[in-house]
Amino acid sequence: MRFEFVQPSALQEAMQFLASHQDEAAILAGGTDILVQVKQKKRLPKYLVNIKGVSGLDGITYNGQGLRLGALTTIRTIETSPIIKEKYPVLAEAAATIGSVQVRNRGTLGGNLCNASPAADMAAPLIALGATARILGPQGERTVSMEEFFAGPGKTVLGPGEVLAEVAVPPPSPRSAGAYIKLGPRKAMDIAVVGVAAVVTLESQGDRCRDVRIALGSVAPIPLRAKKAETVLRGQVVSYDLAVTAGHKAMEEASPITDIRGSAEYRRDMVGVLTRRAVLRALEAART
Ligand SMILES: Cc1cc2nc3c(=O)[nH]c(=O)nc-3n(C[C@H](O)[C@H](O)[C@H](O)COP(=O)(O)OP(=O)(O)OC[C@H]3O[C@@H](n4cnc5c(N)ncnc54)[C@H](O)[C@@H]3O)c2cc1C
């Protein structure tokens, strides 16, 4: 296990190095995913490019345009940020489920998303919130919706030399709220067997659901938006039974596998249960 440690101080320098070393180089942010993969010889990059010292990739800003999260923002910062807890509590809720405090202190949002695990806990809530990824690369800048960011297990749409710079989340609509429910065998330090995020927006008055977005984790090759389940609920006064029907639709949309943490059948069943619960919880919060 030998690699060269590269420490660029400017983003341009990092992108140039990555572009000219393509398959040989990998970004290191917090290192909580990649160092494990290197140690297990699942990835053997010749160069690890540490971007922690690169300016302009960190920090949280919130204004009328919404929320901007620099890729280097740690999971712990998201979990504890007062503005996130106030405006986007579903993000703080999801962040709190990741690993341990130590892992959350080192692990970054960019790393969680770019590692592209179908179980990445920040992915489903960001998809449900309609977030976008701002990507910088040798060809300039582009924006990709979070639901189109993932290309397969361990794969994103990032091309050679491209870096995830920040994630933008639209301003929360009035009378909207979200919920993220993660199922794991243990209470902490475990990745999701199933994770479901739902964001519900009610009409300005009454109980009719104006919009809903549901995203599923750990039950497909990528974190997945459950559009058929959303269709069941959009424009309706959502009852318990309707939430059950949406859960059944989400089960149809999932394509889980069997692995050491759960069978495909169990995962599919849990998609139904957790979708129902997440929708009802988000609905309840949107009413208040
Ligand atoms: C004990 C333990 C428990 C964990 N529990 C959970 C859990 O419950 N839920 C969960 O979702 N994850 C969990 N993880 C995984 C990990 O901690 C998170 O995914 C973390 O957010 C990764 O961030 P990082 O900065 O450490 O990524 P790194 O390891 O530095 O990078 C991960 C990948 O992303 C790439 N990358 C990083 N930043 C960028 C960028 N800005 N642009 C382009 N590519 C980039 C790297 O090249 C690498 O391929 C756990 C890990 C450990 C070790």
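All ligand and atom numbering here is 1-based and tracks the order in the structure.
Applying the salt bridge (charged side-chain N to carboxylate O under 4.0 Å, His left out) criterion to R134, with sequence neighbours excluded, gives E141, E166. By the side chain to side chain donor-acceptor pair (under 3.5 Å) test, N105 pairs with no residue at all, sequence neighbours left out. Shown here are the salt bridge (charged side-chain N to carboxylate O under 4.0 Å, His left out) partners of R213, two or more places apart in sequence or in another chain: E147.
Taken together through direct or relayed side-chain contacts under 4.5 Å among Ile, Leu, Val, Met, Phe, Trp and Tyr, V271 and I127 form parts of separate hydrophobic clusters.
Residues E284 and R287 are paired through a salt bridge, judged by an N-O separation under 4.0 Å between the basic side chain and the carboxylate.
Protein residues are said to neighbour a ligand when one of their heavy atoms lies under 4.0 Å from it; for ligand 1 these are I27, L28, A29, G30, G31, T32, D33, I34, R43, I51, A71, I75, T97, I98, G99, V103, G107, T108, G110, G111, N112, C114, N115, A119, A120, D121, L158, V163, L164, K182, M189, D190, I191.
Between F3 and F5, the ring planes are tilted. Angles from 30° to 60° get that label.
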